[in-house]
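This report refers to the structure that appears directly beneath it.
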Amino acid sequence: MSSGLALRSEPAPIVACTVSRNVQSFDLLIEDMETELGEGWGDLGFDEARAFLMQPEAEDLRFIALAIDAEDEADIGSLGEIIKTAIQADVRVILVANGVSPAALHQLLKLGASDFLPYPLAEGALHDAIERLKEPADAPAVSAAQLPARPAKDVASPDNAKPQLGGRGALFAVQNLAGGTGASTLATNLAWELAQADKKASPSVCLMDFDLQFGSIATYLDLPRRDVVVEMLQDAQSMDVDAFRQALVGYGDKISVFTAPPEILPLDIVGPEDMDALLNYAQECFDIVIVDMPRSLVVWTETILNRADIFFATLELDLRSAQDAMRFIKALRSEDLPLEKVQYVLNRAPGLTDLSGKTRAKKMAESLGVEISTFLPEGGKQVMAAGDNGQPLAEIAKKNPLRKEIAKLAQGLFTAMVGDTAVTKKR
């Protein structure tokens with residue numbers, strides 16, 4: 001790649017440019033630009049960018065990748081002018097940011113930047129951002145051959161997510177009462193089944209993985225984890241709905257996912273106020289929001305419990321689950337939290353002919369003083385295979401008994417939502 005546009009003599013039009021103080025500091029961006037656009041791109045410095053954008057030579061330009069780091073925050077006014085000039089020239093702006101504060105990113109996005117990619121770039125991140133530029137009807141006309149084709153498996157379009165059923169989104173949370181009791185499996189497959197609940201008017205569904213240390217939703221759906229999630233978690237109150245949408249990835253065109261961050265984070269990195277803001281964004285954008293909770297109780301567990309329509313608590317038929325469930329119930333009672341919202345889900349429940357197991361389950365519920373509302377059967381090896389393949393159970397084992405029970409649960413929840421008979425908002 002040549003460092004200046006003036007040195008290029010190729011007949012192919014320049015459809016994109018990187019704009020940076022020193023593009024060599026963004027070597028992964030260089031590689032991805034060459035992969036996606038071949039020779040159809042160039043590089044500009046900050047000072048050159050505004051002048052070039054106003055030249056006739058820029059008429060074929062589709063977008064610029066504005067690459068910035070923490071050092072560039074001191075000159076955020078000039079960066080804003082570049083964005084404004086690009087917009088006037090009908091050129092889209094993708095922010096590529098390394099170590100930039102959430103406040104600065106928010107300001108630049110508000111000025112009109114179309115997308116944000118944290119640096120180092122995740123695999124396929126630039127490709128996905130370029131694909132998103134194709135979606136608006138008023139996008140600049142560029143030959144399809146000049147930009148990469150959409151792959152067969154791609155993210156959905158969370159940028160355009162909006163409720164289909166009217167009203168504020170329902171909120172369901174899922175919490176493990178003992179490790180390995182299937183909370184993430186339930187959350188993942190419940191989200192998928194709810195998205196299929198009505199073929200004529202499918203509800204929009206957002207699945208949020210708040211197990212910030214060992215969340216596995218991205219693995220179960222074979223999705224990339226985005227660094228922008230960390231920015232949202234740290235400073236959600238200063239962000240907005242558009243920034244929230246940028247943090248989502250999609251599975252097919254069915255569900256949008258707020259993944260766990262790429263690295264292990266302390267659970268207290270999020271405060272109750274930021275969690276409240278995240279839930280506001282999600283419920284504004286989607287008909288149904290499903291939250292996969294961390295194993296531990298944290299300062300914002302109360303926030304989600306108070307806002308949830310139903311708080312599913314998963315356990316198994318063993319002493320460990322019974323003891324942990326008792327501690328959980330005691331903790332909620334001591335804080336005067338709404339235990340009536342908690343519905344207990346027994347995973348790997350005894351079958352119809354297992355009378356001894358049924359008796360044990362009944363005694364367990366009686367000793368805890370609760371009612372077990374949902375019994376999920378053992379799903380066998382197909383459950384592990386689905387997670388390893390990054391697919392919901394319904395896609396690889398439609399007749400699996402666990403999948404069938406989760407589908408029944410989803411249909412019941414959806415019917416209650418539409419009929420407004422069982423799911424009652426308690427804000």
Side-chain angles (χ1 to χ4, degrees), residues 28 94-106 108-109 113 115-129 132 154-159 161 171 173-174 184 187-188 191 205-251 255-286 289-296 298-300 303-304 390:
L28 294 177
I94 298 175
L95 282 178
V96 179
N98 184 13
V100 178
S101 71
L105 288 174
H106 180 68
L108 295 174
L109 286 167
D115 210 337
F116 158 66
L117 302 178
Y119 190 88
L121 296 175
E123 184 176 355
L126 182 63
H127 176 88
D128 293 341
R132 286 192 290 272
D154 197 5
V155 301
S157 302
D159 295 352
L171 177 62
V174 186
S184 295
T188 302
V205 178
C206 181
L207 176 58
M208 307 185 78
D209 192 347
F210 285 155
D211 186 349
L212 308 184
Q213 297 184 330
F214 301 103
S216 54
I217 298 295
T219 302
Y220 286 172
L221 294 176
D222 191 24
L223 297 174
R225 298 171 188 255
R226 288 187 169 177
D227 289 326
V228 67
V229 166
V230 180
E231 307 289 347
M232 285 297 303
L233 292 170
Q234 288 179 315
D235 200 16
Q237 294 179 80
S238 69
M239 301 294 188
D240 56 18
V241 169
D242 291 334
F244 172 73
R245 286 172 174 154
Q246 297 297 334
L248 301 175
V249 291
Y251 185 82
I255 55 178
S256 298
V257 184
F258 187 91
T259 69
E263 300 177 358
I264 291 177
L265 297 179
L267 293 174
D268 61 359
I269 193 173
V270 187
E273 296 80 8
D274 284 320
M275 182 56 65
D276 212 41
L278 285 169
L279 296 177
N280 284 339
Y281 302 146
Q283 290 186 282
E284 181 178 337
C285 296
F286 296 90
V289 179
I290 297 177
V291 174
D292 189 19
M293 300 290 290
R295 170 75 174 89
S296 303
V298 290
V299 294
W300 38 267
T303 303
I304 295 178

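All values derive from a computational prediction rather than experimental measurement.
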Nearest atoms (heavy-atom pairs only) where P261 meets V230: CB-CG2, 3.8 Å

Residue pair V205, F286: steps toward the side-chain contact (heavy atoms from CB on, under 4.5 Å) verdict: CA-CA 6 Å; V205 178; F286 296 90; 5.7 Å; no

Least distance between heavy atoms, W300 atom then L267 atom: NE1-O, 3.1 Å

Pairs satisfying side-chain hydrogen bond (donor to acceptor under 3.5 Å, both in side chains), at least one member in residues 269-282, at least two apart: R168-N280, Q237-D274, D276-R307, N280-R307

Side-chain donor-acceptor contact under 3.5 Å, D209 with T259: no

Euclidean distance, M275 CE relative to M208 CE, rounded to 0.5 Å: 7.0 Å

Candidate pair N98 and V100, rule side-chain contact (heavy atoms from CB on, under 4.5 Å), full reasoning: CA-CA 6 Å; N98 184 13; V100 178; 5.9 Å; no

F258 vs V229 side-chain heavy atoms within contact, under 4.5 Å: yes

From CA spacing to verdict: side-chain contact (heavy atoms from CB on, under 4.5 Å), L221, I255: CA-CA 10 Å; L221 294 176; I255 55 178; 3.8 Å; yes

Beyond-backbone contact of F210 with I304, side-chain heavy atoms, under 4.5 angstrom: yes

Point-to-point distance, once rounded to the nearest 0.5 Å, from CG of D128 to CG of L126: 9.0 Å

Min side-chain heavy-atom separation Y251-L207 under 4.5 Å: no

Taking every non-hydrogen atom, the tightest pair across Q213 and P266: NE2-CA, 4.0 Å

Step-by-step side-chain contact (heavy atoms from CB on, under 4.5 Å) determination, V174 to M293: CA-CA 6 Å; V174 186; M293 300 290 290; 6.0 Å; no

Residue pair S184 / Y220: nearest heavy atoms and the distance that separates them: CB-CE1, 3.7 Å

Inter-residue atom distance L279.CG - T303.OG1, 0.5 Å rounding: 8.0 Å

Considering all heavy atoms, the nearest C285-R245 contact: SG-NE, 3.6 Å

Value rounded to 0.5 Å, distance of CG in L28 from CD in E123: 11.0 Å

Separation between CZ of R226 and CG of L248, rounded to the nearest 0.5 Å: 8.0 Å

Validation row: E231, M239 side chains within 4.5 angstrom (heavy atoms): yes

Close side-chain approach of L265 and L233, heavy atoms under 4.5 Å: yes

Side chain to side chain, F244 and C206, heavy atoms closer than 4.5 Å: yes

Closest approach of S216 to R225 (non-hydrogen atoms, all atoms of both residues): CA-NH2, 4.2 Å

Electrostatic pair D211-R295, nearest N-O below 4.0 angstrom: no

Distance, nearest 0.5 Å, that separates CD of Q246 from CG of L95: 9.5 Å

